[in-house]
Structures are given as structure tokens and as C-alpha cells.
Amino acid sequence: MSLPTVTAAWPRPMQPPAYNAVTPRTTLQPAHPLATAPSDKGAVNSKPKKVEWPPAVRDYVRRAFDPANAIEGISSTDMQAKLKETISFFAERGAQETNDWPNHPLPQQILQNEQRLAAFHLANSASPFNSNGHANILSFSPAKKRKSQDGEELATQQAQASIPPWRKTNLESRMTFAEGHSEKRQKKSNAAGDAFSKFDQADLDKRRQRFNLGNNGTKTTPPWASPRREEDEMTNAPVVGTNQSLEKSYFRLTAPPKPETVRPLPVLEKTLAMLRQKWKTEKNYNYICNQFKSLRQDLTVQHIKTAFTVKVYEIHARISLEKGDLGEYNQCQTQLKALYAQGLEGKPAEFKAYRILYIVYTCNKSDMNDMLAELTLADKQHPWIKHALDVRSALALGNYHKFFKLYLVALNMGSYLMDMFIERERLNALANISRGYANVTLRFLTDELGFENDDSCREFLESHGAQTIIEQKADESNRMQYRVKIREAAALFESLRAAAFRKVDIKGQI
Amino acid sequence: MQAALVPFQEAYATGLAQPVADFLSPVPPPHDPGRLYDFFRASNDDRITGDVKNAFKYNKRTRMSQKETDAWVDIISGYWRAVKQIIRADEAANQGRVGSELYLAEYDAWKDVTSSFIKHISGGALPAWAIFTLYFTANHLRRIAIRADEQLAKGKPSTSTNSFSDDIVPQAARSEKLEEAARVFNRVFALCLGDRNPDMSESRKWGVYCIANLQFKTYFKLKAISLSKNVVKSIQAQSDLPPFELYPRAHRVTYKYYTGVLAFLQEDYAKAEKDLQEAWDLCYARSLKNKSLILTYLIPCRLITQHAIPSAALLAETPTLASLIGPLVSCIKKGDLTGFDKALADGEPEFVKRRIFLTLERSRDIALRNLLRKVYLAAGYDDLKEGQIEKDRIRKSRIPLIHFATALRMGIAGAGSGLTVEDDEVECLLANQIYKGLMKGYISREHAMVVLNKKGAFPGTGV
């Protein structure tokens with residue numbers, strides 16, 4: 001989808017953050033009065049409607065009617081209607097003087113862009129590839145977004161951003177990538193045009209060119225999702241950093257970074273050592289994650305791809321695994337896969353094993369197939385990878401007994417990943433057992449489901465609403481034991497199992 | 001030029017897509033290997049458009065409007081330029097010079113032909129059947145793109161290690177041109193689907209399925225299979241397509257095959273079976289390759305949905321498939337788990353390539369069921385009670401767990417692989433069978449027994 005450049009960079013009335021989840025606007029319909037009203041704080045200087053148009057507006061109108069600017073296929077009546085709409089849009093907000101009319105797209109251009117969009121929607125034919133030919137296969141739907149893409153870190157930097165990008169939702173940060181200062185947003189709802197004027201004509205032309213490449217409405221990736229190309233153009237030459245400080249907060253880049261904000265490799269090496277130490281002592285994940293992201297960014301802008309880069313990603317991946325931050329982990333994993341593919345030193349076996357477990361978690365069969373296709377014979381014999389493969393096959397064959405044994409002997413950070421789906425598999429096993437047995441001892445469940453002790457097993461059952469089926473009984477030798485009338489909860493476990501498999505929360509895919 | 005265009009005029013006069021497409025082919029027909037060269041020699045770079053125009057002007061055989069004439073002139077001159085590039089690339093290849101740029105030029109020229117086709121069809125300049133000529137042209141574009149990509153890959157064998165510009169490490173752009181071609185196909189597809197012509201006999205909607213098939217083929221090749229879903233969705237969303245049965249059989253078979261495979265990959269085996277079965281039923285009986293392709297997915301599908309294994313006769317029809325799946329099938333039949341595991345491991349690379357590994361793996365359940373059933377049968381009958389006659393004898397329904405455990409261990413012990421099956425694991429596998437409905441009964445841990453249903457202990461197997 002080639003969302004028209006011009007409209008993307010459009011000074012649309014910014015709504016207060018609470019409204020930012022709405023779908024991106026692509027046209028210039030006047031904003032819903034309710035949406036803007038709360039933020040207005042009287043800033044619409046309640047100017048009386050002017051009859052006298054400013055010269056810039058008049059020039060704009062003149063250009064709109066200029067035959068040289070006419071676009072084939074757009075009738076002049078349509079154009080005039082749009083023109084009226086455009087001008088009244090700004091007039092209603094008293095912004096016709098602040099708007100950057102000379103650079104404002106002409107109504108026929110807006111219409112043309114809308115037509116392209118419409119053509120796209122009509123065909124509903126998403127095109128596979130974003131601008132640089134990466135087939136972003138798994139997330140071609142714009143709604144399914146990664147939390148934040150490394151690629152964008154480069155494309156967009158905002159030194160004065162007051163809210164760090166990772167706190168914002170992804171879509172939001174993309175939509176507002178031109179201006180990070182969210183505290184100004186409310187003002188902007190009135191003084192639109194402020195952001196727009198930031199782009200000079202050259203930039204706009206560049207953008208226009210870029211997004212019109214596949215001039216036929218076949219591109220799926222909206223501009224806010226494919227900034228990679230932008231960054232290709234901007235940072236062809238590596239930056240050489242001069243910054244000497246160890247710590248640096250992460251900001252998404254919107255422009256080529258300045259050397260004085262980037263740390264050179266020797267500093268980064270010290271930074272990594274410091275971060276490892278800090279993680280051990282303080283365990284402050286938010287801080288560490290932020291620091292690692294800026295570390296990765298500095299490596300990237302300086303085009304450093306060495307064993308050190310691998311190490312940074314590996315450590316970040318392990319830390320995010322430990323905290324269960326799968327989104328961040330998955331980013332690192334994707335990078336690592338590519339870095340290993342370039343033959344850089346690291347621990348490919350360890351991360352291949354994690355990747356298998358991750359795919360087990362996401363239940364993505366076609367990813368799993370690709371993964372299996374990728375493994376070499378040597379890989380399959382490596383104990384870490386073999387463990388992960390065994391986990392996979394145990395689950396595929398419904399062999400929960402074997403699965404929970406493998407869980408108890410998980411290698412490296414594997415158990416953190418397995419924790420992500422252990423509950424789900426326990427419910428699955430319980431659904432199985434509840435059909436196969438009439439009643440069992442609690443101890444049997446404890447052993448079969450890999451619980452540490454009877455109490456935690458019991459707690460698990462109770463927390464899932466199965467307290468009524470546990471009873472105390474004396475066995476033959478008159479010792480008291482807990483028995484579970486498992487059959488009675490068959491329906492319960494079945495529904496729990498189904499629910500658990502339904503909601504696989506995929507936070508970003510490879 | 002006049003003479004060179006005679007075949008075109010003849011083809012055009014037929015009013016059929018195929019003859020015209022044959023004229024506009026990037027490969028010379030077998031009976032006339034010099035055709036492309038002759039055509040190329042009929043003009044030159046400066047004169048080509050004028051030549052074609054003149055040829056059309058003085059041709060009295062076919063009547064067409066000025067608009068249509070202009071369109072064909074544009075297409076045929078584009079074709080001539082493409083032929084020029086094809087000949088240059090061929091000559092270079094014959095002289096042993098390899099250069100990807102020649103193939104790229106060939107691709108670009110052919111893409112121009114395709115684009116002008118699209119342009120003129122959407123402008124309404126060409127007759128309705130031209131959409132199928134465009135299909136052939138687009139299909140050639142696919143082949144040429146694949147070849148250009150191969151040449152590109154040869155040109156720079158190593159992943160460019162200096163392309164450090166991105167945090168997302170750029171993957172080697174292996175199929176750059178095919179991806180580009182995919183976007184062209186997308187346009188053609190939109191062109192077909194979006195035709196508003198109320199006269200169905202003239203509608204481009206008849207091209208929808210064959211272009212969709214072309215897209216599927218491309219996406220599968222690009223390993224971007226999930227994109228095919230968009231195509232299917234667009235077709236489903238289009239309410240005014242002609243009835244499916246009226247489309248040419250070839251379009252239907254291929255389309256059903258691909259939708260079947262897509263459903264298969266999404267683990268929607270019921271739909272996959274339905275679509276693949278339709279494709280199988282429609283498939284031309286002597287088209288062995290297509291039949292084997294359909295069976296590749298239909299057999300695993302049936303294993304899951306109906307626990308049915310293919311007959312020997314069916315497998316014998318497609319030798320490659322027989323050698324691939326045959327061992328697995330016979331192990332399932334015998335209930336030979338060790339053999340099954342081995343056959344699965346042996347075939348893994350091929351299975352993974354065809355994306356059937358994970359599905360075939362699940363048929364181990366049936367092999368296991370067959371083994372357990374044998375244990376059950378071996379246990380024999382309950383003693384006759386008073387008044388009972390031989391005919392009414394009932395099979396023993398209480399089977400000690402240890403019997404099943406022994407059966408499971410038999411295969412493994414022989415292999416000496418150091419693998420063991422624990423008692424709890426045996427129970428687990430049994431519970432699994434019961435859960436999946438392959439076996440009816442329950443496990444009694446206190447008595448170390450499996451209590452099976454008196455009737456239909458193994459549903460669907462006659463006991």
C-alpha cells in the first residue's frame with residue numbers, strides 16, 4: 001500500500017494520547033469534533049471566520065486551478081470540492097495562517113493519493129515486500145506490529161523525545177515519528193503545520209519518490225512501517241562516534257546520528273562490562289533494556305558487526321529471556337540468526353535451541369518446518385539442540401511424560417522459555433489424564449506434571465477451579481493420601497486446555 | 001516487418017489468446033528455431049515502432065480500431081525490444097560469457113512488455129481474450145525472473161558482508177526480480193478481479209483463477225506462502241464472479257490444489273481434504289506429475305482425518321511418492337513403531353521440504369493404535385460362561401498394563417539404542433490414545449490394568 005507520503009506527513013490534528021489507538025487517518029476529513037474538543041483548552045483562538053483569505057491561501061487556490069498542475073483522471077469538480085474541504089478544514093481551526101501552504105499538497109494530489117489507496121483496497125491485494133525487498137512475510141498485516149523494530153531505531157531519532165519510544169505503543173510511535181514531544185501534542189491540535197514545516201522540500205520530494213516507487217497501489221507497507229529504506233539512504237556511510245560516556249538512554253533515530261552522541265567501540269566494550277555488572281547487582285530490567293537498546297543502536301550506526309556485536313545481542317537476549325520479555329528477545333534472536341549466518345563467532349547452538357523452543361511456544365507449524373529444514377545433521381546431534389528437538393517431538397506426539405522430564409532437565413536458559421508454555425502443557429496433560437483415568441493420587445500428578453512437590457501441584461489444581469475433586473483417603477496401609485477424582489473434571493480441563501492454546505501471545509515474529 | 005507480422009495477423013484472426021501468446025513468446029517454437037532471430041532482423045532500434053505501425057496500417061486483413069492498433073504497436077515493439085535482449089543474452093551464453101546484466105536487461109524488457117499489456121488492457125484498448133495472452137506473457141515473466149535471479153545469485157555468491165547499513169541484517173536478496181514480478185502479477189490480478197464490465201462474456205473476471213494460480217506458484221517459490229492467503233481472501237470477498245464450475249478445468253484443478261495445500265499448511269485438514277479431493281477428481285488422469293503432487297498432501301491429510309492409509313495400488317501409480325511414503329505406510333499398517341521412527345527420520349529432509357513432516361509425524365498415533373490393538377487381540381477371549389455359545393464369546397477387556405509395556409519395548413530392545421520406555425510413559429501413551437478417541441476404556445492404576453470397552457475398544461477397526 002503506498003500510503004501517500006504527503007498525507008503521512010500531514011499536519012493532522014493531533015489528538016490527545018488516549019485517542020491514539022485509532023486507525024491512521026489518510027484523508028483530510030475534519031476531525032470528529034468530540035475527539036478534538038477535550039484538548040482544545042481554548043487554544044482555537046476563537047477567531048471570527050475571516051472573509052479575507054491570506055495571500056498564501058490565495059496562492060494555493062491559484063495553483064490548484066493552474067492547468068499545469070492538473071492531474072489526469074481527476075475532474076475539476078472533485079478537485080474543487082476537495083479544495084474547499086481542505087481550506088475549510090484549516091479555517092475551522094483558525095490555522096490557515098499557520099499552515100505551510102506553499103508546501104501543502106494540492107487537492108488533486110490528495111485525491112490522486114486517495115484513489116491509489118482505494119485502488120489498493122479494492123484489490124485487497126497486499127503486496128509481499130516492503131520497500132527494500134525484505135519479505136516481511138509474517139507480519140504483513142499492519143495491525144500486527146512488533147513492539148519496536150531495530151530497523152527503526154536508526155530511521156528515527158528524536159533527541160528531545162520526552163517519552164521514551166519503548167513506552168509508547170508501536171503504532172503510535174510510528175505515527176508520530178516526526179515529532180516525539182508528546183507534551184506538545186495538545187498544542188499541535190491547533191497549531192497544525194508545525195510538524196509539517198519541519199520537512200523541507202527536498203525531504204518531501206525524497207519521500208514522495210520513495211513511496212511512489214511502486215506507483216500502482218500495490219505496496220502494502222505503510223510509510224510508518226518501512227523506514228528502513230529511509231535509513232538506507234541516510235546512513236550509507238558509517239558514523240564514527242566520539243561520545244565517551246558509558247551510559248546513554250535509548251532514543252529512536254529520526255535523522256542521521258551526530259558523532260558526538262555515538263560511542264565508539266572501546267567505550268561500548270566498557271559499557272557492556274558495566275551493564276553486565278549492573279545487571280548482576282541491581283537487576284533493574286527497564287534500565288538494562290534501555291541501555292542495551294542504545295548500545296545496539298550505537299553498534300548499528302557505526303556498522304560494527306563483529307563477535308562483540310554478537311555478544312551484545314546474546315547477552316541482551318538472555319536477559320530478556322530471564323525477564324520473559326519475548327518481544328525484545330525475539331528481536332535479538334532475529335538479529336542473531338542473521339549475524340551467525342555471516343559466520344560471526346558466538347553460541348549459535350544455544351540460540352538455535354531457544355528458537356526451537358520459542359516456535360514450540362508460538363505453535364507456528366510453518367515456522368517449525370522452516371526451522372527443521374534449516375538444521376544440519378551436526379546441529380541435530382548437539383545436546384542443546386537435541387533437547388529442544390526432543391521437547392518438540394514429545395509435544396507433537398502427546399508424550400507429556402517425556403515432556404515434563406525434559407522440562408526438569410532443561411539446558412541453559414531453556415527453562416525460562418519452557419516456562420512460557422508449561423502451564424498450557426500441564427492443562428493439556430490434565431485433559432489427557434482426565435479421560436484416561438477415573439482417579440489418581442495427587443502424587444502421581446505431581447510426578448507426571450513436573451511439579452516440585454504435592455503442595456504446588458495441589459495449588460495448581462485449585463487455582464484452576466478443580467479443588468472439589470481432591471479428597472483425602474487412607475490407602476491400604478492406612479496412610480493418609482490425597483486422591484484426585486480426575487474424571488469429574490474432564491470437561492473443565494478440556495475447556496481450560498482449549499483456552500490456553502487459543503491465546504498464544506505472539507509478540508513479534510522472526 | 002510486414003512479413004514478420006503475418007503470423008501475428010493470422011493468430012489475431014483466430015480471436016484466441018493462445019495463438020497470439022505463441023506469437024509473443026520468448027522461446028522460439030520447436031519447428032522454427034530461428035524465429036526470434038528472424039523477427040529481430042526485421043527491424044532495428046530506431047525504426048521498430050514506425051515499422052510495426054506501418055505494417056498495421058497497410059494490413060487490410062484484420063480490422064481494428066485506431067486505439068487497439070496503437071496498443072498492439074506498443075506491445076509488439078516492446079516485444080521486439082525484449083527479443084533483442086533475449087538474443088543478446090543467448091549469444092553471450094553461447095560464447096561462454098556469463099553476465100547477469102544481460103539477463104537483467106532481458107527481464108526488464110520482458111517486464112515492459114507485460115506492463116504495456118496491463119496498461120492497454122486496463123485502458124480498454126484490447127479485446128477481452130487478451131487477458132489470457134497477458135497470462136502467458138506474465139508466466140514467461142515469472143520464468144525469466146527466476147533465471148535472472150539465478151544469474152544474480154551466481155554473480156555475487158557471498159552474502160554481501162559490507163552491507164552494514166541496517167540493524168536488521170539484510171538477508172541476501174535471493175529473488176529480487178521474482179519479488180518484483182510478483183508485484184506485477186498482483187497488478188494483473190487486480191485488473192482481472194476489478195473488472196466492472198457487466199457483460200460476463202467480455203469480462204476479465206475469467207482470468208481471476210489462472211492469475212491467482214500464477215501468484216500461488218510465485219509465492220511458493222519465494223517462500224512467502226502466507227501471501228497466498230490474501231489472494232484467496234480477495235477472491236472470496238468478490239461476490240460477482242462467474243460460477244466456479246464454468247471456469248476451465250485446468251484453472252480449477254490448480255486453484256483447488258493450491259487452496260488445499262494452503263489449508264493443509266494451516267492445519268485445516270478437513271478443508272484441505274475437500275479441496276485436494278476435488279483437485280484429484282478433476283485432475284487429468286494421465287497427468288502423473290500433478291496427481292503425484294496432489295497425493296503428496298492428500299495422503300497425509302487422510303491419515304489425519306480418517307486414519308486411512310493409501311492402498312498399494314494407488315501408491316504404485318506414483319513411484320516417487322511410493323518410495324517416499326511407502327515405508328512409512330507399511331510401518332503404520334504393521335504397528336511397527338521403531339520402523340516408523342526410522343522411516344520418518346530417513347525421509348525427514350524430503351518431508352520437511354514438502355512441508356508434510358509435521359503432519360506425517362502425527363500418524364505415529366495410528367501405528368501405535370495398531371500395535372495396541374494387536375496386544376488386545378492377542379489377549380484372546382474370556383472363558384465361556386454357562387449357557388454361552390462360541391459365537392458370543394467376548395474378548396478379554398481387562399489387559400494388564402505390563403502387556404502393553406512389553407509390546408512397546410519389543411521394538412526398542414532389539415534396536416539396542418539404549419532407549420527405554422518407562423511404565424509411566426506407557427500409561428501416558430495409553431491415556432493419549434484414549435484422549436484422542438483411538439481407544440476406548442480407562443486405566444486403573446491400582447490394579448495396573450487397562451479396562452477396555454466391551455464393544456468397539458478400537459473404534460473403526462472392527463473390534
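All chains are named by letter (A, B, ...) in the order of the sequence lines, taking the proteins before the strands, and each is independently numbered beginning at 1.
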Query - Step-by-step side chain to side chain contact (heavy atoms under 4.5 Å, CB included) determination, A:L372 to B:L358 - result: CA-CA 10 Å; A:L372 291 176; B:L358 297 170; 4.0 Å; yes
Check each atom of [X] against the heavy atoms of chain A and say whether the ones under 4.5 Å are side chain, backbone, both or neither.
{"X": "B:Q266", "value": "neither"}
{"X": "B:I443", "value": "both"}
{"X": "B:E267", "value": "side chain"}
{"X": "B:T359", "value": "both"}

Give, as side chain, backbone, both or neither, the part of [X] having an atom under 4.5 angstrom from any heavy atom of chain B.
{"X": "A:E448", "value": "side chain"}
{"X": "A:S393", "value": "both"}
{"X": "A:A490", "value": "neither"}

Atom [atom1] in [X], atom [atom2] in [Y]: separation rounded to 0.5 Å?
{"X": "B:E425", "Y": "A:K405", "atom1": "CD", "atom2": "NZ", "result": "6.5 Å"}
{"X": "B:K436", "Y": "A:N432", "atom1": "NZ", "atom2": "CG", "result": "7.0 Å"}
{"X": "B:Y442", "Y": "A:I486", "atom1": "OH", "atom2": "CD1", "result": "15.5 Å"}
{"X": "A:N399", "Y": "B:L368", "atom1": "CG", "atom2": "CG", "result": "10.0 Å"}
{"X": "B:I434", "Y": "A:Y437", "atom1": "CD1", "atom2": "OH", "result": "8.0 Å"}

Taking atom [atom1] as the centre, does [X] end up with more than 12 heavy-atom neighbours from other residues, nucleotides or ligands that are less than 6.0 angstrom away?
{"X": "A:K380", "atom1": "NZ", "result": "yes"}
{"X": "B:K217", "atom1": "NZ", "result": "yes"}
{"X": "A:R443", "atom1": "CZ", "result": "no"}

Requested in this report: Tell me, out of B:E446, B:R362, B:M439, B:E361, who's got the most heavy-atom pairs with chain A below 4.5 Å.
Outcome: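 Winner by heavy-atom pair count: B:E361.
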Query raised in the report: Which pair of non-hydrogen atoms, one from B:C428 and one from A:G398, has the smallest distance, and what is that distance?
Result: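 Of all heavy-atom pairs spanning B:C428 and A:G398, the closest is SG-O, 3.8 Å.
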Query raised in the report: B:F357 versus A:K365: any side-chain heavy-atom pair under 4.5 Å?
Result: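 A side-chain contact is absent here, since even the closest heavy-atom pair is not under 4.5 Å.
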Requested in this report: Measure the shortest side-chain to side-chain distance between A:D370 and B:R355 over non-hydrogen atoms and say whether it is less than 4.5 angstrom.
Outcome: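 Yes, their side chains come closer than 4.5 Å.
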Query raised in the report: Quick one: of A:R392, A:Q302, A:R487, who has the most non-hydrogen atom pairs under 4.5 Å with chain B?
Result: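 Maximum pair count with chain B is reached by A:R392.
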Query raised in the report: Under 4.0 Å between a Lys/Arg side-chain N and an Asp/Glu carboxylate O for B:D424 and A:K402?
Result: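 A salt bridge is absent here (no side-chain N lies under 4.0 Å from a carboxylate O).
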